[in-house]
Amino acid sequence: MVLPELPEVETVVRTLRNILLGQKIAGVNIFRPEVVKEPEAKSFSSLLAGREITALRRRGKFILLSLSGDQVLVIHLRMTGRLVISKKEEKHPPHTHVIINLDDGRELRFIDPRRFGRMWLLPAAELPVFPPLAGLGMEPLTEEFTVTRLQEMLQPRRAPVKAVLLNQSLLAGLGNIYADEALHRAGIHPARPACSLTAGEVESLHRAIGDVLKEGIAHRGTTFRDYVDGEGKKGGFQNFLRVYGRAGEPCLTCGTPVAKMKICGRTTSYCPACQPYPAN
DNA sequence: AGTAGGACCTGGTGGC
DNA sequence: TGCCACCAGGTCCTAC
């Protein structure tokens, strides 16, 4: 499985872009209507039919498919959602909730065991005020994400720095894995109040966030167990994780056993030696 | 306003 | 072996 954060969603978008650009939607089958948030399932299907896919992009952890006729299909994979291209004649795997039939005989299948994932279809003109997207914060891999902007984000908040990093309305795309990895690389204890970071630490954290995300993308994301992307390939970044999922194992930097704690309800892995909590 | 915690969900895991 | 409680976590919602 995969926990789709920015690098995983980016990988899915890049993979699907080659296949989907220029394709026409022949029809839609919805097996689990609750997956389609809006409009209601029947309108969703009829509005999609006949449209051409003209662009694919990512915003935070959202996938956006631009369609002819100025419509946009927005998809969020949440925890266990997957988008897979298959031939029509291939049997549907379990938990296939929506199928978008393409005019080349293939299908774009939305598969999601836990059924947290969602999709929306809306006019492109409404995108700027569409709440889930309009509320998103900075894109960490664009030039708007500067050390200064990170500093401005952290400085007024007493919440744990990790909680701030996970807040999508401030920074869009980090999830539990990459937040833990970035904090470890920056040598910052995840429970530190965001406002307590020194200028040097903010700079390290800024660099670490960029590095882990770029490396994640370079390795096609992080894969646990049997996840594959739209082309049936696995990600490889799980082999480079330094703390996430490694509680009790030695820190790869110093050998100290990786520790585990809960922060804002999330399991958090960190190295007590590399990421000390400074006494004050 | 900012923060905390529960709800949503199911597959995998570990304990007995 | 079989059963079951528990855990995983992104986002929304409610409560303080």
Side-chain angles (χ1 to χ4, degrees), chain A residues 1-13 31-38 58-64 74-83 92-98 110-120 130-137 139-140 152-183 190-196 212-213 216 221-228 235 237-238 241 243-249 258-270:
Chain A
M1 69 177 281
V2 70
L3 311 170
E5 304 183 23
L6 188 154
E8 290 73 30
V9 176
E10 181 67 28
T11 301
V12 170
V13 166
F31 304 107
R32 283 275 185 184
E34 70 267 30
V35 166
V36 177
K37 278 293 270 187
E38 66 176 58
R58 177 193 61 75
R59 172 77 175 103
K61 301 172 194 169
F62 288 84
I63 298 166
L64 285 76
V74 179
I75 302 172
H76 198 301
L77 302 174
R78 292 280 184 94
M79 294 284 298
T80 52
R82 289 159 51 193
L83 287 172
H92 304 162
H95 312 295
T96 303
H97 306 316
V98 177
F110 177 74
I111 303 161
D112 188 3
R114 223 171 290 185
R115 303 207 301 275
F116 283 1
R118 291 291 178 263
M119 30 182 95
W120 303 257
F130 176 59
L133 285 170
L136 287 180
E139 278 293 330
E152 289 167 358
M153 195 175 105
L154 299 171
Q155 189 269 326
R157 292 166 216 278
R158 276 178 307 182
V161 56
K162 169 157 175 185
V164 176
L165 294 183
L166 290 178
N167 185 337
Q168 301 297 299
S169 69
L170 299 172
L171 194 59
L174 280 184
N176 211 29
I177 298 173
Y178 292 91
D180 278 5
E181 292 298 311
L183 286 164
R192 295 259 309 276
C195 56
S196 74
V212 290
L213 292 176
T222 301
T223 296
F224 294 107
R225 293 192 274 278
D226 59 351
Y227 163 80
V228 291
F237 197 59
Q238 64 278 6
L241 298 176
V243 281
Y244 181 86
R246 298 192 60 249
E249 295 172 45
V258 171
K260 190 161 87 160
M261 70 186 295
K262 283 264 182 198
I263 295 178
C264 61
R266 298 283 165 266
T267 303
T268 299
S269 306
Y270 67 101

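Chain letters run A, B, ... following the sequence lines, proteins first and then strands; every chain starts at 1.
- The side-chain contact (heavy atoms from CB on, under 4.5 Å) search around A:Ala191 returns A:His189, A:Met261, A:Ile263, A:Tyr277, not counting sequence neighbours.
- Partners of A:Glu249 by salt bridge (Lys or Arg N to Asp or Glu O under 4.0 Å), not counting sequence neighbours, listed by chain and number: A:Arg246.
- Judged by closest nucleotide on DNA chain B, A:Arg158 is the one of A:Arg158 and A:Pro113 placed further toward the 5' end.
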inquiry  = Protein within reach of the bases, or only the backbone? For nucleotides 10-16 of chain C, mark each nucleotide 5' to 3' as B, S or -, using heavy atoms under 4.0 Å.
reply    = BBS----

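- Two end axes, each from the C1' atoms of five base pairs, can be drawn for the helix from B:dG2-C:dC16 to B:dC16-C:dG2; they diverge by 50°, to 10 degrees.
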Identify each donor-acceptor pair in which a side-chain atom of residues 161-169 of chain A lies under 3.5 Å from a protein atom, sequence neighbours left out, and give them as a table.
unit_1   : atom_1 : unit_2   : atom_2 : d
A:Lys162 : NZ     : A:Asn176 : OD1    : 2.4
A:Lys162 : NZ     : A:Asp180 : OD1    : 2.7
A:Lys162 : NZ     : A:Thr267 : O      : 3.4
A:Lys162 : NZ     : A:Thr268 : OG1    : 2.9
A:Asn167 : OD1    : A:Ser169 : N      : 2.9
A:Asn167 : OD1    : A:Ser169 : OG     : 2.7
A:Gln168 : OE1    : A:Gly173 : N      : 2.9
A:Gln168 : NE2    : A:Leu166 : O      : 3.1
A:Gln168 : NE2    : A:Leu174 : O      : 2.9

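- A:Arg114 places its CZ atom 6 Å from the C1' atom of B:dT10, with the value rounded to the nearest Å.
- Separating the CZ atom of A:Arg82 from the P atom of B:dT10 is a distance of 17 Å, rounded to the nearest angstrom.
- For A:Arg32, the salt bridge (Lys or Arg N to Asp or Glu O under 4.0 Å) partners at least two apart in sequence or on another chain are A:Glu34.
- Of the candidates B:dT3, C:dA8, B:dT10, the closest approach to any side-chain atom of A:Arg115 belongs to B:dT10.
- Taking A:His76 as the reference, A:Phe62 meet the ring-ring contact (aromatic ring centres under 6.0 Å, His included) condition, with sequence neighbours excluded.
- Atom CD in A:Glu34 sits roughly 7 Å away from atom P in B:dC9 (whole-Å rounding).
- Judged as a side-chain contact (heavy atoms from CB on, under 4.5 Å), and not counting sequence neighbours, the contacts of A:Glu152 are A:Thr148, A:Arg149.
- Whole-Å rounding puts the A:His95 NE2 to B:dT10 P distance at 8 Å.
- Take A:Arg192 and apply the salt bridge (Lys or Arg N to Asp or Glu O under 4.0 Å) test, not counting sequence neighbours, and it matches A:Glu201.
- Between A:Lys262 and C:dA8 there is a side-chain N or O to OP1 or OP2 distance below 4.0 Å.
- Between A:Phe130 and A:Trp120, the ring planes lie perpendicular to each other; the angle is over 60°, past the 30° to 60° tilted range.
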